[in-house]
Amino acid sequence: MDFIPVNRPALIGSEKKYVLEALDSGWISSDGPFVEEFEQKFSRRVNRKYGIAVSNGSAALDIAVKALGISTGQEVIMPTFTIISCALAVIRNGAKPIFVDCYQDTWNMNIEEIESKITSKTAAIMPVHIYGLPVDMNPLLKIAEKYNLAIIEDAAESHGQTYFGKPCGSFGELSTFSFYANKHITTGEGGMIVTDNFELAEKCKKLRNLCFEPEKRFVHFDIGWNYRLTNLQAALGLAQLENLDNSIIRKKLLGQKYQDLLLNNSLLQTPVRSKDGYDNHYWVFGVVLKAEHKKNAAAIMKSLNSEGIGTRPFFWPMHKQPILNEHFKASLPVSEMISEYGFYLPSGVGTTEHEIETVVSKLGKILS
Ligand SMILES: Cc1ncc(COP(=O)(O)O)c(C=O)c1O
């Protein structure tokens with residue numbers, strides 16, 4: 001029996017050709033033509049003027065927070081149900097993340113909780129589109145405008161997705177993406193910051209490159225990182241970008257297949273299919289065990305693993321992180337519940353429909 005991994009990327013376009021081109025050209029570091037081409041084509045695809053390719057999505061967030069000048073004494077409001085990269089980007093820059101809970105149905109940040117968390121220290125809101133469904137951006141944009149707050153949009157999981165026709169990644173002062181192997185576009189490891197603001201784009205470029213000065217290269221006026229993306233990775237990304245529309249079609253098809261097969265399963269909450277103005281791209285196919293089922297996600301995932309099926313747990317809420325929670329004692333019950341009872345099933349761009357049928361059949365037996 002072959003193991004069904006939680007993700008299988010599809011490298012079925014010009015990936016090999018472009019990577020070999022990069023190798024043959026000798027441009028293997030970040031100084032190479034594919035980097036700029038990837039930045040230009042990707043930023044255009046999400047309707048942005050500038051793209052700054054970086055080594056991963058976490059690095060993109062570190063840079064975005066710093067580029068906006070957010071630092072000690074300031075706060076950034078974000079969902080507790082997200083990856084730790086969001087909180088760490090704020091903490092590493094000396095500021096404090098302030099967490100809000102998520103909605104029970106969409107698992108996205110609860111917009112109604114934001115206003116009560118705004119203080120004189122709030123500098124920005126960081127919406128994070130979770131698991132393939134966009135955050136309800138219109139009310140969030142209104143709040144940001146009312147209080148004059150910046151938006152750092154984490155679109156790591158939302159390549160090619162739209163909200164009322166506008167691309168995810170086109171909302172914040174700065175928006176960020178990840179190109180990790182489980183994303184719709186992968187460069188193995190990689191990320192991108194996009195913006196329409198020339199000054200911010202220049203700042204991000206500098207921060208990704210150790211704040212080298214054009215005139216006096218080894219004299220530094222600020223603290224940056226080596227967060228560069230290589231030409232080899234950008235070559236891969238360019239080929240992946242060419243196939244983005246097909247990858248989205250594929251992900252949606254796999255998501256629908258799960259939805260149809262799980263339709264009559266009363267023990268599981270499945271993802272929201274669509275909302276007015278946007279639909280689910282099923283970056284991952286998450287399920288949450290309902291209360292009637294006595295076991296938690298870890299127990300079911302263990303059984304699935306022994307049946308040859310890979311899964312991943314949901315994010316563990318930020319306010320419950322051992323490394324952070326000394327400072328964050330809030331109770332954010334929806335996130336706490338879904339992180340205990342939620343997990344996601346195999347659904348990479350390269351996952352087959354037959355594999356999904358196998359997953360659902362085995363899951364059904366384990367749950368019964
Ligand atoms: C919402 C979100 N933000 C940021 C990241 C971090 O991206 P990376 O793994 O490329 O550092 C991820 C990774 O999956 C993510 O899901």
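Computed from a predicted structure; not experimentally measured. First listed ligand is number 1; within each ligand, the first listed atom is number 1.
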Trainee: Looking at I28, I want to see if its CD1 is surrounded by more than 12 non-hydrogen atoms of other residues, nucleotides or ligands under 6.0 Å.
Mentor: no

Trainee: Among residues at least two apart in sequence or on other chains, which ones pass side chain to side chain contact (heavy atoms under 4.5 Å, CB included) with A89?
Mentor: L61, D62, V65

Trainee: So if I count the atoms of ligand 1 from 1 in the order they appear, which ones are less than 4.0 Å from some heavy atom of G57?
Mentor: 6 (C), 7 (O), 8 (P), 10 (O), 11 (O)

Trainee: D154 to ligand 1: N or O pair under 3.5 Å?
Mentor: yes

Trainee: Closer than 4.0 Å to some heavy atom of I83 - which atoms of ligand 1 meet that?
Mentor: 2 (C), 3 (N), 4 (C), 5 (C), 12 (C), 13 (C), 15 (C)

Trainee: Numbering the atoms of ligand 1 from 1, which are under 4.0 Å from a heavy atom of N56?
Mentor: 10 (O), 11 (O)

Trainee: Run the numbers for me: atoms of ligand 1, each under 4.0 Å from some heavy atom of V128, listed by number.
Mentor: 1 (C)

Trainee: Under the side chain to side chain contact (heavy atoms under 4.5 Å, CB included) test against W225, which residue among R208, R92, K66 passes?
Mentor: K66

Trainee: With only distance considered, is K183 within less than 3.5 Å of ligand 1 through an N or O on each side?
Mentor: yes

Trainee: Could you tell me, atom by atom, which parts of ligand 1 come under 4.0 Å of a heavy atom of S58?
Mentor: 6 (C), 7 (O), 8 (P), 11 (O)

Trainee: So, is A156 polar-close to ligand 1, with some N/O to N/O distance under 3.5 Å?
Mentor: no

Trainee: Below 4.0 angstrom from a heavy atom of S85, which ligand 1 atoms are there? Numbered from 1 as shown, please.
Mentor: 6 (C)

Trainee: What do you reckon, does S178 have a nitrogen or oxygen under 3.5 Å from a nitrogen or oxygen of ligand 1?
Mentor: yes

Trainee: Examine R217 relative to F212 and say whether NZ or CZ is less than 6.0 Å from the centre of the six-membered ring and inside a 45° cone about the ring axis.
Mentor: yes

Trainee: What I want to find out is whether E355 reaches R8 closely enough, with some N-O distance under 4.0 Å, to be called a salt bridge.
Mentor: yes

Trainee: Around Y180, counting heavy atoms of other residues, nucleotides and ligands shown, do more than 12 lie under 6.0 Å from its OH?
Mentor: no

Trainee: Using a strict threshold of under 4.0 Å (side-chain N to carboxylate O), is an ion pair present between E353 and R250?
Mentor: yes

Trainee: Does ligand 1 have any atom that is closer than 4.0 Å to a heavy atom of G191?
Mentor: no

Trainee: Are any of the N/O atoms in E157 less than 3.5 Å from those in ligand 1?
Mentor: yes

Trainee: As a test of understanding, state which of K251, K252, Q259 forms a side-chain hydrogen bond (donor to acceptor under 3.5 Å, both in side chains) with Y282.
Mentor: Q259

